[in-house]
Asks: 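My structure is below; once you've seen it, I'll send some questions.
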Amino acid sequence: MPDRSIIGTVLGIPPLAALGVAVAFTGLGVLIDVLRVGTVGVVFKIGFFLGCLLAVMWVRRRSLFGPMVQPPLLVAVLVPVIVLLVGPPRSGGGMTETLLLIGAPLINSFPTMATTTAVVVAIGVGRLLLQRYDDPELRLRRATASARTATTARTPTGKAAARPTGGSGRIKRDGRKPGQTVADRARERAREKRLEAEAAEVAPAERVARPGAVSERRGSGAARGEARTSKSPPQS
């Protein structure tokens, strides 16, 4: 995330605070060495390296540029200023003595400055490359892009293509309904055939029974006619 430090659960500090951390460690190291031996030494190397390293690891991800380029500037500014302020007293040798007094610590601190700068730049570039995947905006863009890809992969019109072999909600080629197994379909077909056979047996029987009913109706009609004839009065 843009406001996090190198540790995702720790909130990063502003760039000015990171600069203050590096200046404090470096200035303290230069001050101790100049008072102790008259030039930069081991204390400066340790303080300068730790200050720049802590600054680039603790600063916010979106503010990495300053801590990445500050090591040479710290050496070029702090070392001459502190040496001139608290260095050994000058004997009045003029500009040449002053330049030698400043140049010697700068030359002695160059290897430490180069090594620290390389380490700090490597850490900064690593954070820029690795921590970008924790950005919520990037995660949202990746999720949106993947959703669009999945949608367009179905059909050119964005709709899922109809599959004859049966997705959910479609009747399959063998006549099975959604969720119906092959055994259930076989039992259903056997039941349908049995019903068809029973219907075929019943139909001839009905056709055979119908002529008898017609003859019965005809016989009853003839009997009723004879009865009406017998009841009619005799003619003279």
Side-chain angles (χ1 to χ4, degrees), residues 1-13 56-65 68 121-236:
M1 297 181 182
D3 292 332
R4 298 296 177 179
S5 64
I6 195 171
I7 302 175
T9 57
V10 178
L11 188 64
I13 59 177
V56 77
M57 294 174 65
W58 199 359
V59 74
R60 298 170 181 171
R61 179 190 173 275
R62 60 183 177 184
S63 304
L64 278 171
F65 179 76
M68 289 173 63
V121 170
I123 293 176
V125 172
R127 287 188 61 185
L128 289 174
L129 294 177
L130 298 178
Q131 287 188 319
R132 65 178 180 176
Y133 298 106
D134 296 332
D135 194 343
E137 296 181 358
L138 291 177
R139 289 200 300 267
L140 180 60
R141 285 198 293 266
R142 289 198 301 270
T144 304
S146 61
R148 290 178 180 176
T149 304
T151 302
T152 55
R154 295 179 181 177
T155 59
T157 58
K159 298 181 180 179
R163 298 180 180 179
T165 54
S168 59
R170 298 181 181 274
I171 299 177
K172 303 181 183 300
R173 290 183 176 180
D174 56 358
R176 287 186 290 126
K177 298 178 181 179
Q180 189 179 31
T181 61
V182 178
D184 295 337
R185 178 56 183 168
R187 287 193 293 269
E188 184 178 357
R189 294 182 64 182
R191 185 168 57 254
E192 292 175 354
K193 290 182 178 180
R194 185 171 60 254
L195 293 176
E196 292 177 357
E198 292 177 357
E201 293 177 357
V202 170
E206 292 180 353
R207 288 195 298 269
V208 172
R210 286 176 184 175
V214 173
S215 61
E216 290 179 359
R217 287 196 299 271
R218 290 179 178 177
S220 60
R224 287 195 297 272
E226 293 177 357
R228 288 197 298 270
T229 303
S230 59
K231 290 182 181 179
S232 58
Q235 298 178 357
S236 58

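All figures in this text were calculated on a predicted structure; none of them were measured in a lab.
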Asks: What are the two closest non-hydrogen atoms of Trp58 and Leu11, and how far apart are they?
Replies: NE1-O, 3.8 Å
Asks: Calculate, to the nearest 0.5 Å, the distance between atoms CD1 and CD1 belonging to Ile123 and Ile6 respectively.
Replies: 6.0 Å
Asks: Is there a donor-acceptor contact under 3.5 Å from the side chain of Arg61 to the main chain of Gly12?
Replies: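 Absent.
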Asks: Take atom CG in Leu195; do more than 12 heavy atoms of anything else shown fall under 6.0 Å from it?
Replies: yes
Asks: Would you compute the distance between atom CE of Met57 and atom CD1 of Ile13 and round it to the nearest 0.5 angstrom?
Replies: 11.5 Å
Asks: With sequence neighbours left out, what residues match Glu192 under side chain to side chain contact (heavy atoms under 4.5 Å, CB included)?
Replies: Arg185, Glu188
Asks: For the residue pair Met68 and Val125, establish whether any side-chain heavy-atom pair is separated by less than 4.5 Å.
Replies: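 Yes - at least one pair of side-chain heavy atoms lies under 4.5 Å apart.
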Asks: Mind checking the OG1-CZ spacing from Thr9 to Arg4? Nearest 0.5 Å is all I need.
Replies: 7.5 Å
